[in-house]
*Asks:* 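Okay, here's the structure, questions in a sec.
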Amino acid sequence: MTHQFDTVIHGGTLVTAGETFKGDIAISDGKIACIAERIEGAERRIDATGRLVMPGGIEAHCHIAQESSSGVMSADDYYTGSVSAAFGGNSCFVPFAAQHRGQTIASVIETYDGRAAPNSVIDYSYHLIVSDPTPSVLADELPRAFAKGITSFKVFMTYDLMNVGDAGLLDILTVAKAHGALTMVHAENNDMVKWMNARLSAAGATAPKYHAISRPELAEEEAIHRAISLAKLVDAPLFVVHVSTRGGAAIVAREKEAGTRIFAETCPQYLAFTRSDLDRPGMEGAKFICSPPLRDRQTQEALWKHVSGGTFDSVSSDHAPYRFDETGKFLNGIDAPYPKIANGMPGIAARLPYLFSEGVLTGRITLQQFVAQSSSNAARIFGLTSKGSLMPGHDADIAIWDPELRRIVRHEDQHDAMDYTPFDGMELTGAPVTVMSRGALVVHDGELHARRGQGRFVARAPSGSGPMRGHRAPEFDAASAYGTDIRP
Ligand SMILES: [Zn+2]
């Protein structure tokens with residue numbers, strides 16, 4: 001007997017960024033075919049009684065098979081990274097393809113295609129990190145990347161080998177705007193950090209805990225304000241990644257209120273940990289080194305308010321996995337000073353269980369916000385037009401959650417290539433039990449069902465950042481510029 005549908009998920013509670021309702025969902029040819037109160041038949045029927053059926057998570061900030069600017073390769077490749085993402089409820093991710101100085105954009109994309117295509121078990125795209133905005137990159141190579149469906153560019157305001165400077169940022173914002181691409185920014189004041197590093201070094205302060213001191217809150221606040229000012233000058237949209245400070249979040253909130261086209265995210269680590277974790281015994285603190293650094297309790301509370309209140313469009317993991325050994329954190333020796341310890345924390349599998357347990361179940365966010373911040377907003381902002389919702393015709397990228405499953409976080413349940421999780425020992429309620437990517441089971445009842453390489457590259461549409469809101473700087477008004485038109 002042939003069936004009308006490949007799969008029916010029945011008896012569950014469907015949750016989208018807009019609503020919650022009881023219903024069955026039918027899947028055919030990798031797409032959501034229809035939703036109804038009751039759907040019979042299908043080759044495969046999945047019982048979702050007592051469970052939540054949601055758009056699969058979209059991880060929009062993670063570092064997979066990526067060399068850092070100092071040359072350390074992340075522990076996860078596209079196989080382990082995507083498997084870990086799927087166990088954490090994600091059906092799509094957008095890691096970075098990183099240009100290092102001297103590399104052409106075409107060679108960077110080719111390198112990452114070679115790393116991703118044979119290995120990923122979920123669909124993927126890349127944000128392109130631009131560290132070398134040469135005239136050819138700006139005029140020719142970025143537009144070509146854009147034409148391939150890579151519609152977001154990330155720039156750094158910090159790290160000597162990545163920092164493009166204010167003029168470089170203006171150039172990239174201008175090219176991005178011309179094509180409908182979105183510029184993402186890591187905002188920290190490079191000179192402030194370097195100056196703090198020099199003083200700490202002179203004082204012999206090299207333990208992991210000094211990492212937090214070396215990157216002041218003001219360094220982030222100043223750089224966020226500056227990045228937004230640069231974006232406003234050329235009237236280009238901007239996405240501020242991993243906001244970690246009260247002051248930074250307040251600036252974002254104020255600008256959103258004023259109608260500036262700005263987006264922002266924070267990460268679970270800034271909600272879950274503080275800089276006291278950097279002061280754990282021995283070198284344990286190295287596990288918590290990431291940039292921007294962990295802050296304090298008051299910051300956590302303030303950031304949660306901004307998660308609840310909508311300042312943050314998404315909560316992303318910033319998964320940057322470096323093992324707690326000489327291949328990762330201690331590439332420069334087991335007692336390396338903090339600036340020479342690999343910088344980043346893993347968390348791609350923990351992101352959504354953490355956000356569900358600490359966000360939804362505590363009443364800080366609604367189920368709708370959970371779906372928006374874990375999936376739908378990233379789909380809209382980054383141009384993943386067939387993902388992030390349960391609409392008929394969309395990709396059947398679905399996560400089925402058991403909202404009552406209580407678990408202690410253990411490293412072995414992260415399914416990554418790491419040797420620790422910072423979330424170890426945390427008790428969380430609610431977990432994804434089934435994850436589908438374009439209708440294919442990736443994870444089901446705790447087992448991996450995916451075939452290596454089944455994930456596909458997704459060519460993204462221009463950013464869904466919306467129309468111009470008219471922030472034109474008066475200096476670009478020909479009338480006030482003595483008739484000269486130099487508009488970007
Ligand atoms: Zn990152």
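Order of appearance sets the numbers: ligands from 1, and atoms from 1 within every ligand. Numbering of residues begins at 1 and proceeds along the displayed sequence.
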*Asks:* Is a donor from one side chain sitting under 3.5 angstrom from an acceptor on the other, for H61 and E59?
*Replies:*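 The answer is no; no qualifying pair exists.
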
*Asks:* Do the side chain of N163 and the main chain of G165 share a donor and acceptor less than 3.5 angstrom apart?
*Replies:*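 Yes: the side chain of N163 pairs with the backbone of G165.
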
*Asks:* Is there a donor in the side chain of H415 and an acceptor in the side chain of S84, or the other way round, less than 3.5 Å apart?
*Replies:*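 H415 vs S84: no donor-acceptor pair found between side chains.
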
*Asks:* What pairs of residues pass the ring pair (Phe, Tyr, Trp, His ring centres under 6.0 Å) test when at least one of them lies in residues 321-356, not counting sequence neighbours?
*Replies:*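 Only F324-F330, Y354-F423, F356-F370, F356-W401 qualify under ring pair (Phe, Tyr, Trp, His ring centres under 6.0 Å).
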
*Asks:* So, are D277 and K287 salt-bridged, with charged N and O less than 4.0 Å apart?
*Replies:*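 Answer for the salt bridge query: no.
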
*Asks:* For a distance under 2.8 Å, give residue and atom name for each protein N, O or S atom next to the Zn ion (ligand 1).
*Replies:*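 Sorted hits: H61 NE2, H63 NE2, D318 OD1.
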
*Asks:* Are F288 and H211 an aromatic pair, judged by ring center distance below 6.0 Å?
*Replies:*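 No.
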
